[in-house]
Amino acid sequence: MTGKLFVVPTPIGNLGDMTYRAIEVLKAADLILAEDTRNSGKLLKHFEISSPMSSYHMHNEHQTVNGLIQKLQNGNVLALISDAGTPAISDPGFLLVRACVENGIPVETLPGATAFVPALVNSGFPSDRFVFEGFLPEKKGRQTRLLELAEEVRTVVLYVSPHKLLKTLEEIKTYFGEDRQVSCSRELSKLHEENVRGTAIELIAHFSAKAIKGEFVVCIAGKLRK
């Protein structure tokens, strides 16, 4: 009897965004795969979920995927969660889902929290067609990627860590132009949520005047067609 993999989104900040169905799936799972068991342990405790938990993250996913496929083939129901948001979106998960598909194991992904969707809608930029880029390369290929994205006519969506925000805004100013409109969203769904819009120069001035905290979603307006 083949088991099943459930991909379960978790809140990106506000615990009120956890769905009833996500709680039900996690309570019924034979094993929950968590990116950080300490972090996820707090979430499970809050919702009184006592299913066993195992570590599954970017540093061990290649080594553990075969063993997890074996568990699923033996009939176990596994639930995959990340620290926040939907697994496999700039988080671990893709390798396991792909392995399930290749082995004919059912996969069901629940709808739920993902940081880039509210940030994109909040930006006011066109959202009917957009490019989700996630995190830019750290070094190799970064400039090439920026040059490519600067020519993109669709809205571009990036994930940016706080210590890279000012550098990224400077790069946007350089490669996309000083007039290109940008929207920065941080602490989405949390008490101190902030959405700031303007040119890269204006956003640099705004964030240079304060301590930069929280994870950011940066949306860049597409290049205007001539």
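All heavy atoms count here, side chains included; hydrogens, waters and symmetry mates do not.
Heavy atoms of other residues, nucleotides or ligands lying less than 6.0 angstrom from NZ of Lys71 number 12 at most. No more than 12 heavy atoms of other residues, nucleotides or ligands shown are found within 6.0 angstrom of CD on Glu48. For CD of Glu108, the number of neighbouring non-hydrogen atoms (other residues, nucleotides, ligands) closer than 6.0 Å is greater than 12. Taking a 6.0 Å sphere around CG of Asp179, one finds it holds 12 or fewer heavy atoms contributed by other residues, nucleotides or ligands. The 12-atom threshold is exceeded at NZ of Lys210, counting heavy atoms of other residues, nucleotides or ligands nearer than 6.0 Å.
Formation of a donor-acceptor pair under 3.5 Å by the Ser127 side chain with backbone atoms of Val121 is not found in this model. Using a distance-only test at 3.5 Å, with no hydrogens or angles considered, a donor-acceptor pair links the side chain of Asp30 to the main chain of Val77. Of the possible donor and acceptor atoms, none in the side chain of Ser208 sits under 3.5 Å from a partner among the backbone N and O of Ala205. A donor-acceptor distance shorter than 3.5 angstrom exists from the side chain of Arg197 to the backbone of Asn122, with no hydrogens or angles considered. Using a distance-only test at 3.5 Å, with no hydrogens or angles considered, no donor-acceptor pair links the side chain of Arg129 to the main chain of Val153. Without hydrogens or angle criteria, Thr10 side chain to Thr86 main chain gives no donor-acceptor distance under 3.5 Å. In this structure a side-chain-to-backbone donor-acceptor pair under 3.5 Å is missing from Thr2 to Ile105. No donor-acceptor pair under 3.5 Å is formed between the side chain of Asp91 and the backbone N or O of Pro87.
Atom OG1 of Thr199 sits about 9.5 Å away from atom CG of Leu169, to the nearest 0.5 Å. Atom CG of residue Leu43 and atom CG of residue Asp83 lie 10.0 Å apart, to the nearest 0.5 angstrom. The distance from the CD atom of Glu61 to the CD atom of Glu35 is 9.5 Å, given to the nearest 0.5 Å. One finds the CD1 atom of Ile69 at 10.0 Å from the OG1 atom of Thr64 (value rounded to the nearest 0.5 Å). Separation of atoms CD1 (Ile212) and CG (Leu166) is listed at 3.5 Å; rounding is to 0.5 Å. Ile172 CD1 to Ile201 CD1: the interatomic distance, rounded to the nearest 0.5 Å, is 12.0 Å.
Under the 4.5 Å side-chain heavy-atom criterion for Ile, Leu, Val, Met, Phe, Trp and Tyr, Ile12 and Val7 are members of distinct hydrophobic clusters. Cluster annotation: Val182 and Tyr159 are assigned to distinct hydrophobic clusters (Ile/Leu/Val/Met/Phe/Trp/Tyr, side-chain heavy-atom contacts under 4.5 Å, transitive). Residues Val25 and Ile49 share a hydrophobic cluster, clusters being chains of Ile/Leu/Val/Met/Phe/Trp/Tyr side chains in contact below 4.5 Å. Hydrophobic clustering (ILVMFWY, side-chain heavy atoms < 4.5 Å, transitive): Phe116 and Val156 are in distinct clusters. Cluster membership check: Val117 shares its hydrophobic cluster with Val157, using side-chain heavy-atom separations under 4.5 Å among Ile, Leu, Val, Met, Phe, Trp and Tyr.
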> How far apart are the C-alpha atoms of Leu68 and Leu96, what are their side-chain angles, what is the distance that settles it, and do they pass the side chain to side chain contact (heavy atoms under 4.5 Å, CB included) test?
Replying inline: CA-CA 8 Å; Leu68 296 174; Leu96 182 55; 4.1 Å; yes

>> side chain to side chain contact (heavy atoms under 4.5 Å, CB included), that's the test. Do Leu26 and Met18 meet it? Break it down for me.
In response: CA-CA 11 Å; Leu26 293 178; Met18 189 75 168; 3.6 Å; yes

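For the pair Leu146 and Phe176, the minimum side-chain heavy-atom distance is below 4.5 Å. Considering only heavy atoms from C-beta on, Ile204 comes within 4.5 Å of Glu170 through its side chain. Glu187 has its side chain out of reach of Lys213: every pair of non-hydrogen atoms, C-beta onward, lies at least 4.5 Å apart. At least one side-chain heavy atom of Cys184 sits under 4.5 Å from a side-chain heavy atom of Leu165. Glu194 places a side-chain heavy atom less than 4.5 Å from the side chain of Phe207. Contact check for Glu148 versus Glu152: no side-chain heavy atoms found under the 4.5 Å cut-off. The shortest side-chain heavy-atom distance between Arg98 and Leu95 falls under the 4.5 Å cut-off. Counting heavy atoms from C-beta on, the side chains of Leu147 and Gln143 come closer than 4.5 Å.
Listed here is the closest heavy atom pair of Ile32 and Ser51: CD1-CB, 3.7 Å. Heavy atoms only, all atoms of each residue included: Ser161 and Phe135 are closest at N-CE2, 4.1 Å. Of all non-hydrogen atoms in Leu72 and Cys100, the two that sit nearest each other are CD1-SG, 3.6 Å. When all heavy atoms of Pro92 and Leu80 are compared, the closest pair comes out as O-CD2, 4.4 Å. What you find for Pro11 and Ala113 is that their closest heavy atoms are CA-CB, 4.2 Å. Taking every heavy atom of both residues into account, Phe125 and Cys219 meet most closely at CE1-O, 3.4 Å.
For the salt bridge (charged side-chain N to carboxylate O under 4.0 Å, His left out) criterion with Glu133, the lone passing option out of Arg142, Arg154, Arg145 is Arg145.
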